[in-house]
There are 2 protein chains.
Amino acid sequence: MESRIADFIKERRKQLELTQPELAERAGVGLRFIRELEQGKQTVRLDKVSQVLYFFGCQLGVVEMENA
Amino acid sequence: MESRIADFIKERRKQLELTQPELAERAGVGLRFIRELEQGKQTVRLDKVSQVLYFFGCQLGVVEMENA
DNA sequence: CATATTTATACCTTTTAGGGTACAAATATA
DNA sequence: TATATTTGTACCCTAAAAGGTATAAATATG
């Protein structure tokens, strides 16, 4: 189960040298949510994802379909 | 409660001259979901949003924070 | 290799998203 | 304006997301 969003978050977190518990706390979401999010869970809540992305200075947006 | 994603979907739907019930059916989601989504509800499920965007040939992605 | 750190999985509880539907409000059309 | 169409709101129900936590698995470090 891959996910661009998941990969983005995982990579950004590592760039900042944060553990999952640290990111969870600083982004203001639950630890389990971070775990599931990074593992590509699709049935997550949009506002929670936005909350994490906001911590990284990003946000969700509509983009073209990528062919791959 | 504004939302870029909500606005995108509402506009795309109108471009295709679809009613909310029609979009709901064709995208394979509930009518109430379409309603709430277009009204900018933030606590929606990511997979459902993706499902609607897919119908429009788009998807969710991480983008830079927009200043406005 | 042994140990420490980090990540993944499992269990339970509370909250709520989503679906269906009915009706009201708003908008478009004759 | 009257009527038809579309959209918004309110109701109930079911399924499951999210949180907390404990423990196992994996990874990193000495």
Nearest-Å distance for atom pair CD/C1', residues B:Glu36 and D:dT7:
13 Å

Taking for each residue the nucleotide of DNA chain D bearing the nearest heavy atom, is the 5' side occupied by B:Glu22 or by B:Arg32?
B:Glu22

What integer distance in Å separates A:Leu37:CG from D:dA17:P?
13 Å

At under 4.0 Å, does any side-chain N or O of A:Lys48 touch on OP1 or OP2 of D:dG19?
yes

Between B:Gln20 and D:dT5, does any side-chain N or O lie under 4.0 Å from OP1 or OP2?
no

Nearest-Å distance, CG (B:Leu31) to P (D:dT9)?
13 Å

Can you confirm whether A:Leu16 sits close enough to A:Arg12 that some side-chain heavy atom of one is under 4.5 Å from a side-chain heavy atom of the other?
no

Nucleotide D:dA17, atom P - distance to CD of A:Gln51 in whole Å:
18 Å

What are the bounds, 5' to 3', of the part of DNA chain C that sits under 4.0 Å from heavy atoms of chain A?
C:dT6 to C:dA17

Roughly how far apart are B:Leu18 CG and B:Glu25 CD, rounded to 0.5 Å?
11.0 Å

Send over the distance from A:Arg35 CZ to D:dT23 P, rounded to a whole Å.
15 Å

When you check the gap from the basic side-chain N to the acidic O, do B:Glu36 and B:Arg32 get nearer than 4.0 Å?
yes

Length of the line joining B:Ile34:CD1 and D:dT7:P, which is rounded to integer Å:
11 Å

Report the distance from atom CZ of A:Arg13 to atom P of D:dT27, rounded to the nearest whole Å.
14 Å

In this structure, which one of A:Val63, A:Ile5, A:Val62 forms a side-chain contact (heavy atoms from CB on, under 4.5 Å) with B:Gln59?
A:Val63

Any A:Tyr54 side-chain heavy atom under 4.5 Å of A:Val49 side chain:
no

Nearest-nucleotide wise, let me know which of B:Val44 and A:Thr19 is further upstream toward the 5' end of DNA chain C.
A:Thr19

A side-chain contact here means heavy atoms from C-beta on lying under 4.5 Å apart; do A:Thr43 and B:Leu46 qualify?
no

Do B:Glu66 and B:Arg4 meet the salt-bridge criterion of a basic N to acidic O distance under 4.0 Å?
yes

Tell me the interatomic distance from B:Glu17, atom CD, to D:dT6, atom P, rounded to whole angstroms.
11 Å

Just to confirm, is there a sub-4.0 Å distance from OP1 or OP2 of D:dA17 to any side-chain nitrogen or oxygen of A:Thr43?
yes

